[in-house]
Every structure is written in C-alpha cells, then in structure tokens.
Amino acid sequence: MCSITSHLQTIPIYKTNQKLTVDGDLSDWKTPFLGPFVIHNSAEKASQNTMVSFAWNDENLYIAFRCLDSKITGSKQKKDFPIFKTDDLVEIFIDPDGNGQNYVEIGVNAFSTNYDMLLKCISAECGGWKTSMDFDIEGLETISKITTEGYYTEIKIPFSSLEKIENGNFKKPEIGSKWRGNAFRIDYGSNTEYLALQPYKSLKFGFHQPREFAVFEFVE
C-alpha cells in the first residue's frame with residue numbers, strides 16, 4: 001500500500017471494480033493511502049501517523065483509515081453516542097454540492113461505534129451550526145479492527161442515502177465530479193491531538209470550516 005503526501009488541494013477518489021468488504025481487513029485495498037495527517041490548524045507533525053484511502057463504484061463511497069495508536073482510548077457504545085468527546089476516533093466530512101451550507105459528518109471509534117449527523121449553517125460565516133443526530137445514512141457500514149500497532153477503520157456510504165439531504169443538491173458522482181470534504185482523527189493520547197488530512201489556515205472554527213475543505217475529485 002503506497003502513500004501520497006496529504007498537502008494537496010485536490011484529493012483523488014479512485015473508481016474500483018473490486019468488491020470491497022467492510023470488515024476492517026485492509027489487505028484488499030488497492031487505492032493509494034494518503035497522509036500522514038497533521039495537526040489540523042498548524043500542519044505540524046502528529047505524534048502518531050494516520051493514513052486514509054478513498055474508493056468508489058457506481059453505488060458507494062468507501063473510506064479506509066490506518067491509525068498508529070500506542071494507547072487506544074474508548075469503548076463500545078450505542079450508535080450516535082458522542083464519542084468525539086471521549087474516544088479515539090476517525091471522522092469524515094462530506095459536502096457533495098460544495099456550497100458550505102450543509103454537510104454530513106461521520107465518526108467511528110476503534111471499537112466500531114459510529115455516529116452520523118447533518119450540519120446546517122445558521123450564521124453568515126458558518127461559525128454557527130445546527131446539528132441533527134436524527135439524520136441517518138441508510139445502509140451506512142462501519143467497522144474498526146484493533147491491531148498490534150493501532151487500529152484500522154472502514155466506512156461504506158451508499159450514494160442513495162445522500163439524496164434525502166434537504167437542499168443538498170445531491171447528484172450521483174461521475175468521473176470528474178468534485179465534492180468538498182475532509183478527513184480527521186482525534187487522538188486522546190498523552191497529549192490530545194486534533195488531526196486532519198487537509199490542514200486549515202484559519203483558527204476560528206476548529207474542524208468546522210467547510211470553506212477550507214479539500215476538493216474530493218472522483219477519478220478513474
């Protein structure tokens with residue numbers, strides 16, 4: 001599995017003809033892993049490496065994370081538990097129409113607990129958000145697998161589930177389609193670190209800065 005530096009404005013999502021099984025085993029992944037993640041608002045090196053890979057077919061978006069973690073924090077919880085406050089986890093934010101007015105956030109901890117929510121802008125600069133845990137991605141699959149070096153996480157998002165986003169202007173992607181988004185990790189280690197694939201220049205709004213999301217481009 002090869003790596004590509006994360007300091008890119010455009011993140012490629014590679015089309016695959018493989019039948020990917022969401023099982024936490026990344027031996028079947030053929031698309032490149034991007035990274036390592038950096039501190040989200042300074043681009044400084046993280047204490048522990050994080051890599052991510054993207055793939056898609058006509059029906060689904062797939063994401064895989066590889067996280068080095070010498071001390072995993074967290075536990076198995078019920079769905080939509082606010083694990084981002086307590087647990088080591090990875091997150092993906094996606095804004096299919098790229099207008100920064102609403103986007104989907106998905107988080108998964110090392111014990112396969114996940115949450116999915118919809119965020120809607122309620123301020124001029126989008127420094128204020130209305131979050132909805134009532135939003136559920138139908139057919140969402142997530143699983144994490146703890147390894148000797150940390151944990152792996154796989155996510156499958158059916159495109160059909162994104163069609164119901166109100167005012168989302170969702171269109172099923174084709175080759176050349178461009179979305180906006182970013183990938184993150186919260187590492188509650190000796191020193192808590194908030195990590196991102198694409199670091200932000202602004203210090204104003206933490207992770208929630210859709211104006212500074214990377215471009216996700218669907219390619220062959």
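Only heavy atoms go into these numbers, but all of them, side chains included; no hydrogens, no water, no symmetry mates.
- Distance check: K45 NZ to F37 CZ gives 16.0 Å after rounding to the nearest 0.5 Å.
- Among residues two or more places apart in sequence or in another chain, the salt bridge (charged side-chain N to carboxylate O under 4.0 Å, His left out) test is passed with E59 by K172.
- Ring orientation note: the planes of Y115 and F84 are nearly perpendicular, at an angle over 60° on the 30°/60° scale.
- Distance alone, capped at 3.5 Å, places no donor-acceptor pair between the S132 side chain and the M117 backbone.
- Inter-residue side-chain proximity for Y152 and T147 is flagged as met; some heavy-atom pair is nearer than 4.5 Å.
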side-chain contact (heavy atoms from CB on, under 4.5 Å) between F218 and I175: does it pass, once the steps are laid out?
CA-CA 5 Å; F218 291 83; I175 292 172; 6.0 Å; no
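- The side-chain heavy atoms of N102 and L119, taken from C-beta on, include no pair separated by under 4.5 Å.
- To the nearest 0.5 Å, atom CG of residue N41 and atom CD of residue Q209 are 8.5 Å apart.
- L162 and V215 are members of different hydrophobic clusters when ILVMFWY side chains are connected at heavy-atom separations under 4.5 Å.
- Within the structure, every pair that satisfies the salt bridge (charged side-chain N to carboxylate O under 4.0 Å, His left out) test and touches residues 10-35, not counting sequence neighbours, is listed here: K15-D58.
- When the salt bridge (charged side-chain N to carboxylate O under 4.0 Å, His left out) test is applied to K71, no partner is found at least two apart in sequence or on another chain.
- The main-chain N or O of S70 is found under 3.5 Å from a side-chain atom of Q48 such that the two form a donor-acceptor pair.
- A donor-acceptor distance shorter than 3.5 angstrom exists from the side chain of W56 to the backbone of I13, with no hydrogens or angles considered.
- A donor-acceptor distance shorter than 3.5 angstrom exists from the side chain of T113 to the backbone of Q77, with no hydrogens or angles considered.
- Closest heavy-atom contact between P12 and T10: CD-O, 3.7 Å.
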Evaluate side-chain contact (heavy atoms from CB on, under 4.5 Å) for T131 paired with L118, printing each intermediate quantity in order.
CA-CA 6 Å; T131 61; L118 183 64; over 6 Å; no
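- Annotation: side chain of F33 is in contact with side chain of R66 (closest heavy-atom distance under 4.5 Å).
- No donor-acceptor distance shorter than 3.5 angstrom exists from the side chain of Y194 to the backbone of F184, with no hydrogens or angles considered.
- Contact annotation: the side chain of P199 never approaches that of I39 to less than 4.5 Å [non-hydrogen atoms, C-beta and beyond].
- A110 and I72 make their closest contact through CB-CG2, 3.6 Å (heavy atoms, listed as atom of the first residue, atom of the second, distance).
- Considering only residues two or more places apart in sequence or on other chains, T192 meets the side chain to side chain donor-acceptor pair (under 3.5 Å) condition with none of them.
- For L61 against A55, the heavy-atom pair with the smallest separation is CD1-O, 3.6 Å.
- Judged by distance alone, with hydrogens and angles left aside, the side-chain atoms of S112 form a donor-acceptor pair with the main-chain N or O of S144 at under 3.5 Å.
- Cluster membership check: Y151 does not share its hydrophobic cluster with L68, using side-chain heavy-atom separations under 4.5 Å among Ile, Leu, Val, Met, Phe, Trp and Tyr.
- Under the 4.5 Å side-chain criterion, counting only non-hydrogen atoms from C-beta, W29 is in contact with L20.
- A continuous path of hydrophobic side-chain contacts links L140 to F159 [ILVMFWY only; heavy atoms under 4.5 Å].
- A distance-only check finds no donor-acceptor pair linking the side chain of N114 to the backbone of N109 [under 3.5 Å].
- Between the side chain of T73 and the backbone N or O of D88, no donor-acceptor pair lies under 3.5 Å.
- Residue pairs meeting the salt bridge (charged side-chain N to carboxylate O under 4.0 Å, His left out) criterion with at least one member in residues 128-137, sequence neighbours excluded, do not occur.
- Distance check: I186 CD1 to H40 NE2 gives 9.5 Å after rounding to the nearest 0.5 Å.
- Residues satisfying the salt bridge (charged side-chain N to carboxylate O under 4.0 Å, His left out) criterion with D95, sequence neighbours excluded, are absent altogether.
- Sequence neighbours left out, the pairs with a member in residues 138-162 that pass salt bridge (charged side-chain N to carboxylate O under 4.0 Å, His left out) are E138-K164, E141-K156.
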List the steps and the verdict of side-chain contact (heavy atoms from CB on, under 4.5 Å) for F170 and I165.
CA-CA 8 Å; F170 177 79; I165 299 175; 5.8 Å; no
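- Atom NZ of K178 is surrounded by 12 or fewer heavy atoms from other residues, nucleotides or ligands within 6.0 Å.
- Partners of F213 by ring pair (Phe, Tyr, Trp, His ring centres under 6.0 Å), not counting sequence neighbours, listed by chain and number: Y103.
- Within the 3.5 Å criterion, the main-chain N or O of D116 finds a donor-acceptor partner in the side chain of D80.
- Here the side chains of Y14 and S53 are not in contact, with every heavy-atom distance at 4.5 Å or above.
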side-chain contact (heavy atoms from CB on, under 4.5 Å) for T153 and C67? Distances and angles first, verdict last.
CA-CA 8 Å; T153 299; C67 303; 5.7 Å; no
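- Take Y200 and apply the side chain to side chain donor-acceptor pair (under 3.5 Å) test, not counting sequence neighbours, and it matches no residue.
- For the salt bridge (charged side-chain N to carboxylate O under 4.0 Å, His left out) condition, the pairs that include at least one residue of residues 180-201, sequence neighbours left out, are D69-R185, R185-D187.
- Shown are L89, I155, I92, I83; of these, the side-chain contact (heavy atoms from CB on, under 4.5 Å) with V108 is made only by I155.
- For F65, the ring pair (Phe, Tyr, Trp, His ring centres under 6.0 Å) criterion is met by no residue, not counting sequence neighbours.
- The shortest distance between side-chain heavy atoms of I106 and I137 falls below 4.5 Å.
- Put simply, the side chain of W129 reaches to within 4.5 Å of the side chain of P210, judged on heavy atoms.
- Rounded to the nearest 0.5 angstrom, F93 CZ and Q198 CD are separated by 14.0 Å.
- Across all their heavy atoms, A196 and N182 have their closest contact at CB-ND2, 4.4 Å.
- Between F81 atom CZ and K76 atom NZ the span is 13.0 Å, to the nearest 0.5 Å.
- W179 and P96 get closest at one heavy-atom pair: CD1-O, 3.2 Å.
- For F111, there are no ring pair (Phe, Tyr, Trp, His ring centres under 6.0 Å) partners, not counting sequence neighbours.
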